[in-house]
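Step one of this worksheet: look at the structure below.
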Amino acid sequence: MTKQDCGTLVLATALTGIAVGLALATRELSRFSPVPENFLLGLVFLAGIALGGLLRGFAQLLAAILVVMLVGGAVMTAALLVAELGDSLLGLEVTLSVAVGKAVLNGFLFIFPLTLIGALIGRLFQRD
Amino acid sequence: MQRKISWALLGVLVLIASLWYAQAQWSYQRFIQTARGLEVQFTDTAVEETSEAVRVRFTLVLTNASDQAISVEGVSCLLYAGQEFLGPCTMLSTPPAVPARGEWRLTVTTDVTGHYRENYHRARAAGIRVKGSLQMELPLGDGFVKVTRRFHQVISRS
């Protein structure tokens, strides 16, 4: 694995995690979201396609998706904390625990399957 | 070329996701602000005992401190003395739209009679507990979001 491959892996994983985390945090605020839920899930899927187009090797891809779950979950937790703390009806501890719970659930329900399927499709577009 | 497209797609997705999140967050904060502008208070409370009934009176005041009119869809409440149920409240007014920076007063007078009155005497409570909720439609963008504000008050014996 070259230095450039390593850089690609880190940057692609970070960007995918941010996109996925923000999209799923918006989905949690679905009543206030400017777009329907399906668009947000579609975004997660597209992020998977982009990730699949950038990484070589299945093992690398799988590892990247697992890291995306973590990064996406962290971004989602932070985004939900920002939203919920504005409300301040619940304390920090409860808000954090709710946000982490939602992030874990979304990680397994949406991030993993959607980015994996998307990435596998994205790999089909790799020419070399 | 292929990689450039993937990078561009990823960049655009981050941008779009940030934009949608910011919009959702802005709408949510506005909604919270409107909801915080609503306050439910009780005034003119009284419990009067006569030979035939126990009359419970109170005025519910809904204050709307927000800049938007709020339409109230309905009000409901139940009366209790300690653990004993005393029946539902009697409401005669039709809920209106509460104007921006205005208030709405609803006078509720309920006569507790029959076995509910027996429950009241059995409980020997210091006061009557009013538990209820207001159903409202809060404006959100072009539409509305239905919300429920619960209230709870103990009215002491006169």
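Just so it is clear: chains get the letters A, B, ... in the order the sequence lines come, proteins before strands, and each one is counted from 1.
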What do you reckon, is [atom1] of [X] surrounded by more than 12 foreign heavy atoms closer than 6.0 Å?
| X | atom1 | result |
| --- | --- | --- |
| A:Phe39 | CZ | no |
| B:Gln33 | CD | no |
| B:Phe85 | CZ | yes |
| B:Lys131 | NZ | no |
| B:Arg129 | CZ | yes |
| B:Arg55 | CZ | no |

Nearest 0.5 Å, what's the [atom1]-[atom2] distance between [X] and [Y]?
| X | Y | atom1 | atom2 | result |
| --- | --- | --- | --- | --- |
| B:Ser18 | A:Ile18 | OG | CD1 | 8.0 Å |
| A:Leu40 | B:Ile16 | CG | CD1 | 10.5 Å |
| B:Ser6 | A:Leu15 | OG | CG | 12.0 Å |
| B:Tyr21 | A:Leu29 | OH | CG | 7.0 Å |

If you take all heavy atoms of [X] and [Y], which pair is closest and at what distance?
| X | Y | answer |
| --- | --- | --- |
| B:Gln29 | A:Val82 | NE2-O, 4.2 Å |
| A:Thr26 | B:Trp20 | CG2-O, 3.8 Å |
| A:Thr16 | B:Leu10 | OG1-CD1, 3.5 Å |
| B:Ala24 | A:Pro34 | N-CD, 4.1 Å |
| A:Ala23 | B:Ala17 | N-CB, 4.2 Å |
| B:Arg3 | A:Leu54 | NH1-O, 2.9 Å |

In the single-linkage hydrophobic clustering (I, L, V, M, F, W, Y; side-chain heavy atoms under 4.5 Å), do [X] and [Y] co-cluster?
| X | Y | value |
| --- | --- | --- |
| B:Val72 | B:Val61 | no |
| A:Leu114 | A:Val104 | yes |
| A:Leu120 | A:Phe110 | yes |
| A:Val75 | A:Leu11 | yes |

Whether A:Phe32 and B:Phe31 hold their rings parallel, tilted or perpendicular, with breakpoints at 30° and 60°: tilted
Chain B contact via A:Thr8 - side chain, backbone, both or neither, heavy atoms under 4.5 Å: both
Residue selection (most heavy-atom pairs with chain B, distance under 4.5 Å) from A:Ala25, A:Gly53, A:Gly122: A:Gly53
Need one label for [X]: side chain, backbone, both or neither, based on atoms under 4.5 Å from any heavy atom in chain A.
| X | result |
| --- | --- |
| B:Trp7 | both |
| B:Leu13 | both |
| B:Val14 | both |

